[in-house]
Amino acid sequence: MDFDTPLAEAWVRAIAAAVEKEQGRLTELDSAIGDGDHGSNLQRGFAAVLTALDGLPPAGPGAVLTKTGTTLISKVGGASGPLYGKAFRAIGAALPEPAGPAALAEALAAGLDAIRALGKAEPGDKTIVDAYTPAVAAFRTAATTGATLPEAAAAAANAADQGARATVPLQARKGRASYLGERSIGHQDPGATSTALIFRTLADITAS
């Protein structure tokens, strides 16, 4: 199985559905240590992405993800729009057509690089990076050892889930949560949580 245009579109639509379903949880997490708008911002952004994709002429998987990123940057407020927007644009730009597991791993890594370049976050800072970094590492390891796309995506999703949960005991060092100091300890990071959601949808759509 390769990551082609139908899979790219299915992934983005699955993300939109998952964000819609989990909007309340993401908002609750963000209310504890942020501005309380992470869920609503992402929901609005991915709703706009669906509209944009409906008007997109036939294109490759890279174009689908690039359009997703551009739309998120223009429609989502807060930090999540630029961060996820640049990530999807970087993934799209790095994606060949079609992409096998190894090529998708490198494209996902380009997305992580874009997030880190913009947000200046490192693993342990209690951000998106804490879920995204282990996800890419797991995906890349699986891909280089001959795993199928569904297997690599499942490994990445599990690693992202673990990374998101591991943010609970951390003190935030970046973003709005960092203003809380030690009071940010004991809360799961909403950005890491939505990142895990994004990787979980990739595992789900490749497995179906």
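Position 1 is the first residue of the sequence, and the numbers go up from there.
Scanning both residues, Ala110 and Ala90, for their nearest heavy atoms gives O-CB, 3.5 Å. The heavy-atom pair separating Val129 from Pro123 by the smallest distance is CG1-N, 3.7 Å. A pairwise comparison of heavy atoms in Thr206 and Ala153 identifies OG1-CB, 3.7 Å as the closest pair. The shortest heavy-atom contact between Thr127 and Ala192 is O-CB, 3.5 Å. Contact record, Lys86 with Ala114: O-CB, 3.7 Å, taken as the closest heavy-atom pair. When all heavy atoms of Ser184 and Ile33 are compared, the pair lying nearest together is CA-CG2, 4.0 Å.
Using a 4.5 Å cut-off between side-chain heavy atoms of Ile, Leu, Val, Met, Phe, Trp and Tyr, with links allowed through other members, Ile128 and Ile73 fall into different hydrophobic clusters. By the rule that hydrophobic residues join a cluster once side-chain heavy atoms approach within less than 4.5 Å of another member, Leu29 and Leu197 end up as members of separate clusters. In the hydrophobic cluster analysis, where Ile, Leu, Val, Met, Phe, Trp and Tyr join through side-chain heavy atoms closer than 4.5 angstrom, Val19 is grouped together with Leu53.
When atom types are taken as modelled, the side chain of Trp11 and the backbone of Leu65 share no donor-acceptor pair closer than 3.5 angstrom. The main-chain N or O of Leu26 is never found under 3.5 Å from a side-chain atom of Asp30 such that the two would form a donor-acceptor pair. In this structure a side-chain-to-backbone donor-acceptor pair under 3.5 Å is missing from Asp2 to Asp4. Thr144 places a side-chain N or O within 3.5 Å of a backbone atom of Thr141 that can act as its donor or acceptor partner. With hydrogens and angles ignored, the 3.5 Å screen pairs a side-chain donor or acceptor of Tyr132 with a backbone N or O of Leu108. Distance alone, capped at 3.5 Å, places no donor-acceptor pair between the Lys75 side chain and the Gly45 backbone. Proximity of a side-chain donor or acceptor of Thr70 to a complementary backbone N or O of Lys67 within less than 3.5 Å is not detected.
For the 3.5 Å distance criterion, the side chains of Gln171 and Glu182 fail to qualify, holding no donor opposite an acceptor. Between the side chains of Ser194 and His38, at least one donor N or O sits under 3.5 Å from an acceptor N or O. Under 3.5 Å, the side chains of Gln188 and Thr193 contain a donor-acceptor pair of N or O atoms. Inspection of the Glu151 and Thr148 side chains reveals an N or O donor paired with an N or O acceptor under 3.5 Å. Inspection of the Tyr84 and Thr195 side chains reveals an N or O donor paired with an N or O acceptor under 3.5 Å.
We find the CD-CG distance between Gln23 and Asn41 to be 9.5 Å, quoted to the nearest 0.5 Å. Atom CZ of Phe88 is separated from atom CG of Leu72 by 7.0 Å, given to the nearest 0.5 angstrom. Distance check: Ile15 CD1 to Leu202 CG gives 8.0 Å after rounding to the nearest 0.5 Å. Distance CD/Glu9 to CD1/Ile205: 11.0 Å, rounded to 0.5 Å.
Counting non-hydrogen atoms of other residues, nucleotides and ligands closer than 6.0 Å to CZ of Arg116 gives a total above 12.
In this structure, the side chains of Thr68 and Phe46 come closer than 4.5 Å at one or more pairs of heavy atoms. A 4.5 Å side-chain heavy-atom check between Asp37 and Thr27 finds every atom pair outside the cut-off. Leu170 has its side chain out of reach of Ile185: every pair of non-hydrogen atoms, C-beta onward, lies at least 4.5 Å apart.
Classification of Arg140 and Glu106 as a salt-bridged pair holds, one side-chain N sitting under 4.0 Å from a carboxylate O. A salt bridge links Arg13 with Asp54; the closest basic N to acidic carboxylate O contact falls under 4.0 Å. The existence of a salt bridge linking Lys174 and Asp125 is excluded, since no basic side-chain nitrogen approaches an acidic carboxylate oxygen closer than 4.0 Å.
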Walk me through it: do Thr201 and Val12 pass the test side chain to side chain contact (heavy atoms under 4.5 Å, CB included)? CA-CA 9 Å; Thr201 60; Val12 175; over 6 Å; no
Between Asp161 and Arg200, is the side chain to side chain contact (heavy atoms under 4.5 Å, CB included) condition met? List the steps. CA-CA 8 Å; Asp161 284 339; Arg200 179 57 60 190; 2.6 Å; yes
Evaluate the criterion side chain to side chain contact (heavy atoms under 4.5 Å, CB included) for residue pair Asp130 and Asp189; output intermediate values, then yes/no. CA-CA 9 Å; Asp130 288 297; Asp189 182 68; over 6 Å; no
Give the intermediate values and the outcome of side chain to side chain contact (heavy atoms under 4.5 Å, CB included) for residues Leu95 and Leu104. CA-CA 7 Å; Leu95 202 60; Leu104 181 55; 3.8 Å; yes
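Aromatic ring centroids of Phe199 and Phe139 lie 6.0 Å or more apart.
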